[in-house]
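Start at 1 and go down the list; that is how both ligands and their atoms are numbered.
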Amino acid sequence: MRAWIGRLASIAAIAGAGALLTGYIAGAAFAALFLFAYLVFAVAIALRARARLAGWLADPSTDDMPDDDGTWGEIYARLHRMLREQAASRASMSHALWRFRQAGEAMPDGVLVLDAGNRIEWMNPSAEGHFGITFKGDRGQAITNLIRHPAFAGYLDAQHYGEPLLLKGSGEADRVLSVQLVPYGNHEKLLLSRDVTRWERLEAVRRDFVANVSHELRTPLTVMKGFLETLSDARETDEKLFRRSLELMTGQAERMQRLVEDLLTLSRLEDSRYPLREEPVDVPALVQSVLAEAESLNRGQHRIASKVEPLWLLANREEIRSAFSNLVTNAIRYTPAGGDILVSWGNEDGAPAFRVRDNGEGIAPEHVPRLTERFYRVDRSRSRSSGGTGLGLAIVKHVLQRHQGRLEIASGLGEGSTFSCVFPAARAAPASRAVAEVTPIRAA
Ligand code: ADP
């Protein structure tokens, strides 16, 4: 403002001084002419500056900004500052936007932005994967044309988006998605999706497990209840009936006890709060004691042979004992009387391995991959009648997992079976070294 007044004052002063001087020298007509010429000059300069400003405003850039002094200079300086500030705030806004987009794209959950007409405005790569669509190809498409699930159409129409919806078989056939709509702004919506396939599978396993355990317990309980009712209804004490009932009830109680013990063992093995307590285990001695126990179960029905190398193992004694004992017991239970069972322990290609081979009826190939599932049995009644809980191989699998080992099953119908526990080479300990490790060294 001050510069503008100064400029006006200087124009007025120059024009006044020129007019006075010309008037003095050549009279009033010349003075008026001079004044006119000067005003035309001043107006021309102002118009030129305005035209430059208008031209620059049509395509503003801070690089070729017109340069001037006085009031115009001040205007240009302010415009220049405003432009710089605007550019900086645009840069920071686009950076923030870029970061939001990056975060959205990195999210493991799917995010899909729908406009008021339920058409796709934006989506992240997870959403592309979940629904089998692409942002490039499907932008602007109505979501109901792409997610052709009657349940989803119903969910969208119902407009009660408080709870998520489970969608099965969207994108990939066995995938389960949890989707939820979140309305915002002016009838726009966010469609959030999460892959819950694993969680759903675990939930199904849990449901099956509870159903199986209940079923396994119900049968012996029903039998025991039946005996108890018979006994309490009997008018006189029938010694023979009483003894027989007690015997059978004891059998059922033992069956329940075995089941509960196996369940506890499994839950302990699955519980990550129980770390593996390792020690050098004298496996040859352990195998001998497992075989002695097996003999008492076998009562001479099978020929049991063993081939044991003097090799120790860094392992948890009780867990290994439980795994080996389960395999030997199975061989006895699933091999007809007169069969042969060979138990071996030793180094095979550098890896310690425990094998149980039988020449029993064997297992058809379709059952083999499922044998370690809890309660999976090839022949349910045979397993039950021989005292099986259906949890033995699940226990073996868990024990081996905790020891970084693996269970190998080679079997075929009519060919017998070989169950092998193979451990990593690093777990092998030569007998002498292992003894040195456990024998305390005493000063002479
Ligand atoms: P179970 O208590 O029923 O024996 P397991 O988990 O130990 O449970 O075994 C699962 C199933 O695997 C058994 O029911 C049986 O059908 C089969 N099986 C296990 N070991 C053998 C074997 N040596 N020969 C034939 N079948 C076997």
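Those atoms of ligand 1 with a heavy atom of R377 less than 4.0 angstrom away are 3 (O), 14 (O). Residue contact check: T389 has heavy atoms under 4.0 Å from atoms 2 (O) of ligand 1. Close approach of ligand 1 to I363 is summarised as follows: ligand atoms under 4.0 Å from at least one heavy atom of the residue are 25 (C), 26 (N), 27 (C). Less than 4.0 angstrom separates some heavy atom of R333 from each of these atoms of ligand 1: 1 (P), 2 (O), 4 (O). Ligand-side atoms of ligand 1 in range of G388: 2 (O), range being under 4.0 angstrom from any heavy atom.
A salt bridge links E239 with R243: at least one charged nitrogen is closer than 4.0 Å to a carboxylate oxygen. Using a cutoff of 4.0 Å between basic side-chain nitrogens and carboxylate oxygens, R258 and E261 are not scored as salt-bridged. Between R139 and E121 there is no salt bridge, since none of the side-chain N atoms of the basic residue sits less than 4.0 Å from a carboxylate O of the acidic one.
S420 and R406 share no donor-acceptor pair across their side chains, judged by distance under 3.5 Å alone. For the residue pair R357 / T418, no side-chain donor-acceptor distance below 3.5 Å is found, with atom types taken as modelled. Side chain to side chain, Y155 and H160 fail the donor-acceptor criterion of an N or O pair below 3.5 Å.
A 6.0 Å sphere centred on OH of Y274 holds no more than 12 heavy atoms belonging to other residues, nucleotides or ligands.
For G362, no nitrogen or oxygen atom sits less than 3.5 Å from a nitrogen or oxygen atom of ligand 1, counting backbone and side chain alike. Considering backbone and side-chain N/O atoms, Y334 comes within less than 3.5 Å of an N/O atom of ligand 1. Polar contact check, G390 against ligand 1: a nitrogen or oxygen pair lies under 3.5 Å apart. Here's the thing with V378: one of its N/O atoms is less than 3.5 angstrom from an N/O atom of ligand 1.
Between the side chain of S386 and the backbone N or O of R333, no donor-acceptor pair lies under 3.5 Å. With N118 contributing its side chain and A142 its backbone, the two residues share no donor-acceptor pair below 3.5 Å.
Here the heavy atom of the protein found nearest to atom 12 (O) of ligand 1 is L371 CD2, 3.4 Å. The protein heavy atom nearest to atom 3 (O) of ligand 1 is S383 OG, 2.6 Å. In this structure, the protein non-hydrogen atom closest to atom 11 (C) of ligand 1 is Y376 O, 3.7 Å. Protein heavy atom in closest approach to atom 19 (C) of ligand 1: N330 ND2, 3.6 Å. Distance from atom 5 (P) of ligand 1 to its nearest protein heavy atom, with residue and atom name: L393 N, 3.6 Å.
Using a non-hydrogen distance threshold of 4.0 Å, G360 does not register as a contact of ligand 1.
Relative ring orientation between F423 and F324 is described as perpendicular, the plane-to-plane angle rising above 60° on a 0-90° scale split at 30° and 60°.
Atom 23 (N) of ligand 1 has its nearest heavy-atom neighbour, among V396, L391, L413, D358, in D358.
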